[in-house]
Every structure is written in C-alpha cells, then in structure tokens.
Protein chains: 2
Amino acid sequence: MVKRTGTGIYYSNKEETLAKYAKALAHPVRIRILQFLESQACCFTGELTVEIPLAQSTISQHLKELKDAGLIQGDLMPPRVKYCINKKAWTEAKQVFVSFFDYSS
Amino acid sequence: MVKRTGTGIYYSNKEETLAKYAKALAHPVRIRILQFLESQACCFTGELTVEIPLAQSTISQHLKELKDAGLIQGDLMPPRVKYCINKKAWTEAKQVFVSFFDYSS
DNA sequence: TTTATTCATCGCAAACCTACGATTGAGGAC
DNA sequence: GTCCTCAATCGTAGGTTTGCGATGAATAAA
C-alpha cells in the first residue's frame, strides 16, 4: 500500500509511519515532554509549563504535535487536561524504529 | 553534561543526540536513502538519482543532512562519491531510540 | 451571574526546510 | 593544456516550524 506527497514520490506505509514518529521526536522539547510522561505515567499541561521554561502556548503546540503523531492522548478533566502516553502507538513506534535499524548487523 | 539552543533551555547529550537522529529520519526521502544503503552496503550518488525521482541537487542535500547527522559517510572515488552507512553511528542511534522507548512497559 | 482557572487556538515574526535549475570544482581521459 | 563526468554548492521560491502574546472556550467556584 502506498501514499504520496507533493513530489510524485510514493512511499510505503512503513516509510510514512517511521517519518511521522521521527518528526515527532525531532525536537528536544518534545523529547523532554515524552520523558516526563514516561516518568509520571500522566501529567497535566500545567505541570509541563512549570517544568519547561516556555510559553504555555508553545507547550500546548508541542503537545498537539505529539497528539497528532498519536504518541500521546489527552483526557479532559476540566478545567485541566491530563496527558498520557498512548501505549499502543508507543509500542508501534518502538517496533518501527527497531525494525528499521535491524539490518545485517 | 548539557548544551543549549536559542531558548534558554538546556538539554542533555542524550536528548540532543536523540533529536539529531530523529531529525535525520524525519523525511521519507532520507528514510528511502538509508533503506537503499542498508540493502546495498554502499552506493554512489548517481544510483540514488536513478532510484529516486528528485533533482540531483535535492538528493545531494539530503545526503548532506544524513552525513551531518553522522548516519552515513562519503568516500571520494573520483569522479564519484561512494556513500555507506556509518555503522558506529547507526548502532548508537539504534541504542538511543531503544533506550528511549524502553521504559516500564 | 460573575469571576477565576486551565488550556487551546489565533495571528504574527523569524528561522528553518525542501525543492529546483544553474553554477562550480575536482579528477580522469585525451 | 582542453574536455567530460560526477557531485557539491549557490541562489531562490515557497512551505513549514517554532516561538510569543493575546484571545477564546469550557468549566468550577463564589
């Protein structure tokens, strides 16, 4: 099965998936957020704005990208939002990376 | 040991390294190039321009990014350049991703 | 109803990325 | 020396990302 971009090149699902997860991890702030979530199971946006010295809007944006990539999920707990790692996507991401790096050696 | 960006945030070497490798993998063309190198051990730029329907300059640019990230190396074989995967960096990248994804579960 | 809290979203500026064609440079072949 | 080939680099256009402050929506508390 294939998909395309704006260049006339077709990519496999595996290639698209790997690129999607890699893009999500391509910014150190998002890595920091994910590490925090790894250590806490879940957290609120507010905890991150304390932990990370960036504007609240900026952190919210990074959370959105992680959510769009599927790596995290947000549960409404008004007036707050509780974010957790999406374990299914997490496992998939890990597998995709490992199988990519596992060639001959 | 720490490093910084333009925001006043300091990141660990691990965070920087992971972000660096993730960024290199964040474009499907670069994934395609690395897969090709995995299957061939080595290749010339010219083979990639046949394999991938993009301008030679564009492919050269992607190769430069992979080289800057350390994932590949280019050996001069005039008038061509032979690219191979840098196994040391490849192994490091794999470890960095695996250890990132290996938390509790 | 009014107020306070929390977080998402909007709008903007600066920086960065991706693609291209054109040019340049390094070597070999002649 | 002059050509030829291969690939890197330059310059540029358009798109995307990253940051910010300001605004908005939703709910709880008063």
Side-chain angles (χ1 to χ4, degrees), chain A residues 4-11 15-16 19-34 36-37 42-69 71-84, chain B residues 4-11 15-16 19-34 36-37 42-69 71-84:
Chain A
R4 60 154 293 164
T5 61
T7 57
I9 304 183
Y10 288 75
Y11 299 106
E15 288 167 328
E16 292 277 358
K20 179 186 73 174
Y21 287 133
K23 207 172 160 192
L25 298 181
H27 194 293
V29 165
R30 292 195 287 272
I31 291 173
R32 180 71 61 90
I33 290 172
L34 290 170
F36 192 72
L37 278 172
C42 288
C43 79
F44 298 105
T45 307
E47 297 180 64
L48 291 169
T49 63
V50 172
E51 193 73 14
I52 299 171
L54 286 177
Q56 178 264 319
S57 56
T58 303
I59 289 174
S60 210
Q61 214 165 248
H62 283 299
L63 286 169
K64 179 170 165 21
E65 283 183 47
L66 290 171
K67 209 170 60 179
D68 288 348
L71 284 173
I72 65 173
Q73 58 198 119
D75 297 326
L76 290 185
M77 294 184 65
R80 297 187 286 176
V81 180
K82 190 181 70 176
Y83 284 101
C84 308
Chain B
R4 58 154 294 161
T5 60
T7 57
I9 304 182
Y10 288 74
Y11 299 106
E15 288 167 328
E16 293 276 359
K20 178 186 72 175
Y21 288 133
K23 206 171 163 193
L25 298 182
H27 194 292
V29 165
R30 292 195 287 271
I31 291 172
R32 180 71 59 89
I33 290 171
L34 290 170
F36 192 73
L37 279 173
C42 288
C43 78
F44 298 105
T45 306
E47 297 179 65
L48 291 168
T49 63
V50 172
E51 193 73 15
I52 299 171
L54 287 177
Q56 179 263 320
S57 56
T58 304
I59 289 175
S60 210
Q61 216 165 245
H62 282 300
L63 286 169
K64 179 171 165 22
E65 283 186 45
L66 290 171
K67 209 169 61 179
D68 288 348
L71 285 173
I72 65 173
Q73 58 199 116
D75 296 326
L76 290 186
M77 294 184 65
R80 296 186 289 176
V81 179
K82 191 182 71 175
Y83 282 101
C84 307

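All figures in this text were calculated on a predicted structure; none of them were measured in a lab. In what follows, every chain begins at residue 1, and chains take the letters A, B, ... in the order their sequences are listed.
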K.L.:
Can you find a side chain N or O atom of B:Arg80 that sits less than 4.0 Å from OP1 or OP2 on C:dG28?
P.N.:
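For C:dG28, OP1/OP2 do not have a side-chain N/O of B:Arg80 under 4.0 Å.
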K.L.:
Taking the nucleotide of DNA chain D with the nearest heavy atom to each, does B:Val81 or A:Arg30 sit closer to the 5' end?
P.N.:
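Comparing both residues, the 5'-ward one is B:Val81.
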K.L.:
For B:Leu66 and C:dT18, what is the distance between atoms CG and P respectively, to the nearest whole Å?
P.N.:
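Nearest whole value for this atom pair: 11 Å.
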K.L.:
Given atom NZ of A:Lys64 and atom P of D:dT16, what is their separation to the nearest angstrom?
P.N.:
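Spelled out: NZ on A:Lys64 to P on D:dT16 is 14 Å.
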K.L.:
To the nearest Å, how far apart are A:Met77 CE and C:dA8 C1'?
P.N.:
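Between C1' of C:dA8 and CE of A:Met77: 18 Å.
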K.L.:
Scan A:Lys23 against the nucleic acid and name what it touches under 4.0 Å (heavy atoms): base, sugar-phosphate only, or nothing.
P.N.:
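Touches sugar-phosphate only.
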K.L.:
Can you check each nucleotide of nucleotides 19-30 of chain D against protein heavy atoms at under 4.0 Å and return B for base, S for sugar-phosphate only, - for none, in 5' to 3' order?
P.N.:
BBBB----SS--
K.L.:
Starting at atom NZ of A:Lys67, determine the distance to atom C1' of C:dT9, rounded to an integer number of angstrom.
P.N.:
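So the two atoms are 11 Å apart, to the nearest Å.
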K.L.:
Rounded to whole Å, how long is the line connecting atom CD of B:Glu65 with atom P of D:dA8?
P.N.:
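Atom CD in B:Glu65 sits about 13 Å away from atom P in D:dA8.
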K.L.:
Quick check: do B:Leu48 and B:Leu63 have side-chain heavy atoms less than 4.5 Å from each other?
P.N.:
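A side-chain contact exists here, since the closest heavy-atom pair is under 4.5 Å.
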K.L.:
Quick one, B:Leu25 with B:Leu34, criterion side-chain contact (heavy atoms from CB on, under 4.5 Å). Give me CA distance, side-chain angles, the key distance, then yes/no.
P.N.:
CA-CA 9 Å; B:Leu25 298 182; B:Leu34 290 170; 3.4 Å; yes
K.L.:
Does the side-chain contact (heavy atoms from CB on, under 4.5 Å) test come out yes or no for B:Asp75 and B:Val81, once each step is laid out?
P.N.:
CA-CA 6 Å; B:Asp75 296 326; B:Val81 179; over 6 Å; no
K.L.:
Rounded off to whole Å, could you give me the CG-to-P distance for the B:Leu63 and C:dA19 pair?
P.N.:
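Computing the B:Leu63:CG to C:dA19:P distance gives 13 Å.
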K.L.:
Using side-chain contact (heavy atoms from CB on, under 4.5 Å) as the criterion, list what pairs up with A:Lys67, not counting sequence neighbours.
P.N.:
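A:Lys67 satisfies side-chain contact (heavy atoms from CB on, under 4.5 Å) with A:Ile72, A:Tyr83 only.
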K.L.:
Are the side chains of A:Ile33 and A:His62 in contact, using a 4.5 Å heavy-atom criterion?
P.N.:
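Result yes, sub-4.5 Å side-chain heavy-atom pair found.
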K.L.:
Identify which one of B:Gln73, B:His27, B:Arg30 satisfies the side-chain contact (heavy atoms from CB on, under 4.5 Å) criterion when paired with B:Leu66.
P.N.:
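Of the listed options, the one satisfying the test is B:Arg30.
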K.L.:
Measure NZ/A:Lys20 against P/D:dT17 and give the value in whole Å, please.
P.N.:
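So the NZ-P distance, A:Lys20 to D:dT17, works out to 15 Å.
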